[in-house]
4 protein chains.
Amino acid sequence: MNKVILIGNVGADPEIRRTQDGRPIANLRIATSETWRDRNSGERREKTEWHTVVVFNEGLCKVVEQYVKKGAKLYIEGQLQTRKWQDQQGQDRYSTEVVLQGFGSTLTMLDGRGEGGGASGGRGSAAGGNDYGDDYGAPAPSSSPSRAGGGGGNFSRDLDDDIPF
Amino acid sequence: MNKVILIGNVGADPEIRRTQDGRPIANLRIATSETWRDRNSGERREKTEWHTVVVFNEGLCKVVEQYVKKGAKLYIEGQLQTRKWQDQQGQDRYSTEVVLQGFGSTLTMLDGRGEGGGASGGRGSAAGGNDYGDDYGAPAPSSSPSRAGGGGGNFSRDLDDDIPF
Amino acid sequence: MNKVILIGNVGADPEIRRTQDGRPIANLRIATSETWRDRNSGERREKTEWHTVVVFNEGLCKVVEQYVKKGAKLYIEGQLQTRKWQDQQGQDRYSTEVVLQGFGSTLTMLDGRGEGGGASGGRGSAAGGNDYGDDYGAPAPSSSPSRAGGGGGNFSRDLDDDIPF
Amino acid sequence: MNKVILIGNVGADPEIRRTQDGRPIANLRIATSETWRDRNSGERREKTEWHTVVVFNEGLCKVVEQYVKKGAKLYIEGQLQTRKWQDQQGQDRYSTEVVLQGFGSTLTMLDGRGEGGGASGGRGSAAGGNDYGDDYGAPAPSSSPSRAGGGGGNFSRDLDDDIPF
DNA sequence: TTTT
DNA sequence: TTTT
């Protein structure tokens, strides 16, 4: 189990790169902040933490590319990962990032901002819900998409079943 | 470990009651919805799930009372709990709720809506951050509230310490 | 966002059923318990909560079928779902369950118990790690399975890449 | 929202230091690993990620000090935090850690190992349950510790209440 | 009964 | 009905 959950705001427009074989990679900076009232002084305090988020999942990269802008509020679920690299002096350096890649990774927009003018179909606009990348196939509805259809990886459950499980 | 995390919208203005000894209890109905595109038809699908949330924590009850209205988007972290009760026929019935009570419970408003007109200082308005009930004392800032002060339950960490841990 | 995380013990051997079209469904009862010391009396207290877990995901059902026995300790990640049904008097009843189905659902065994004698390949024995159902394909390793291979839904990241992202 | 959840094994006996004013700080190295079967070759693969965990919470430090040894399996819940420090060349360096401090932080032992011979009362032995640091007071039981007692920060809920909430 |  |  290695899970990171962040809700925060994007500090700058995302950078999207591509690997040599064409896969997209999105880099985001996310600020999470907490506020509290000081026990003694009663003053309001705030602390902000910045996180580097790296999106490898192609479907989620599309969401980032199309909808995520500076200031957007995001829900992020990924994994902690530390990379080793060498600086210009040849010294070992380590960077820890929140990686969104494959199973268990999610990115959801929590506000309406960032959407292009005429965006229809609204992937990325999922306010209060979850929108998944294309790679995942059907998520986990309890309603019944194509019960008869069956087929690989169909996770659906039919609520109309007359026998309560 | 018994944790529920919800991000969703409030279906109706919260109900606040009080126990005989005066403690507040808030009841909320929260809708979580997910959308996906059907594999076969390509149609957009949506499924909404409704949750009953019961807030026992006093600080969080205050937040609910003052700021949470129908339609508000909330982040909720609590525990699953099943109550047994008798219906009018004297039969055992069970209700499962998401309970916010004590350690590990959180409620954060994810939009600016729901705030009363002149609310200043904005507990409950924590966009992208966390606002905690009064019972918790200082949350977990890395900055340094009153290092010298010490005192019971001070969890603060001093980033200015010259020795990296 | 609708997520439940449980770590607890299985109260009885799981029941596995099959739908008419042959998909397996596993039912589990999981106990989560918390202990604390009473503030006033100093006595040790304990409270146990029981949860019904329904596994629709086929790969996870296999894990359950083969390895999960009464007493096993499990890590569970799923969604809250409430079913409506009619009792024998024709009255509406509701049951809330933790559903493991599709994206974002996980089940991991946290102890070595429950494994058959000669189990090889050890799905279900994942001590401290995660073992995923077959439906998910490769999870999210940072190591490099078949970089050149590419192919649909390959989430892998190559740590050997010479350019730090 | 800034949350990290880890389930993994401790790589070495923890180091405990104290600040100048006597507060304990525990440092842990935790390995999370995931295993999967390669899509193409069918071979079993494994990837391990190492995390630095810093425990500021006093109650949790006690648990670490008394019970956590190399090899122990832990459930950890904390926050991501990045510290800035200078290396010997005076260059800025950053280290990202999982910090357990105050609200929302938890550490639970998931196996029986690590307990001293005659440990009674078993804080730290909470297999399948939660054991909280002393700072938290009573956690969130639904049962009823001292309803009449009332008192600050009492989060208890009385299941014996005759009115179902 | 919410929201997009 | 589990576990410590």
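Just so we're on the same page: letters track the sequence lines, and every chain starts at 1. Every heavy atom of this structure was used, including side-chain atoms; hydrogens, water molecules and symmetry mates were not.
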* **Student check: side-chain heavy atoms of C:M1 and B:I5 closer than 4.5 Å** =>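 Side chain of C:M1 against side chain of B:I5, heavy atoms only: contact under 4.5 Å found.
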Measure from [atom1] on [X] to [atom2] on [N] and round the result to the nearest Å.
X	N	atom1	atom2	result
B:K70	E:dT3	NZ	P	7 Å
C:L110	F:dT4	CG	P	13 Å
D:K73	F:dT4	NZ	C1'	16 Å
C:D13	F:dT2	CG	P	11 Å
B:R44	E:dT3	CZ	C1'	12 Å
B:E49	E:dT3	CD	P	18 Å
B:L28	E:dT3	CG	P	15 Å
C:K47	F:dT3	NZ	C1'	15 Å

* Asked: Which one, F:dT3, E:dT3, F:dT1, comes nearest to the side chain of B:N9?
  ->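 The answer is E:dT3.
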* Closest to the B:A31 side chain: E:dT2, F:dT1, F:dT3? ->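 Of all the options, the side chain of B:A31 is nearest to E:dT2.
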* Identify the heavy atoms of D:A26 and D:C61 that sit nearest to each other, and give their distance. =>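 Looking at all heavy atoms of both residues, the shortest contact is N-SG, 3.7 Å.
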* **Contacts of type salt bridge (charged side-chain N to carboxylate O under 4.0 Å, His left out), residue B:D87, not counting sequence neighbours** =>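 If we apply the salt bridge (charged side-chain N to carboxylate O under 4.0 Å, His left out) test to B:D87, skipping adjacent residues, the hits are B:R93.
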* **For B:E15, salt bridge (charged side-chain N to carboxylate O under 4.0 Å, His left out) partners two or more places apart** =>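 For B:E15 the salt bridge (charged side-chain N to carboxylate O under 4.0 Å, His left out) partners, ignoring immediate neighbours, are B:R17.
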* Asked: Would you say C:W50 stacks on F:dT2, if stacking means ring centres under 5.5 Å apart and planes within less than 30 degrees?
  ->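 Here C:W50 fails the 5.5 Å or the 30° condition.
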* What about B:T48: does its side chain form a donor-acceptor pair under 3.5 Å with the base of E:dT2? ->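 Side chain to base: pair present.
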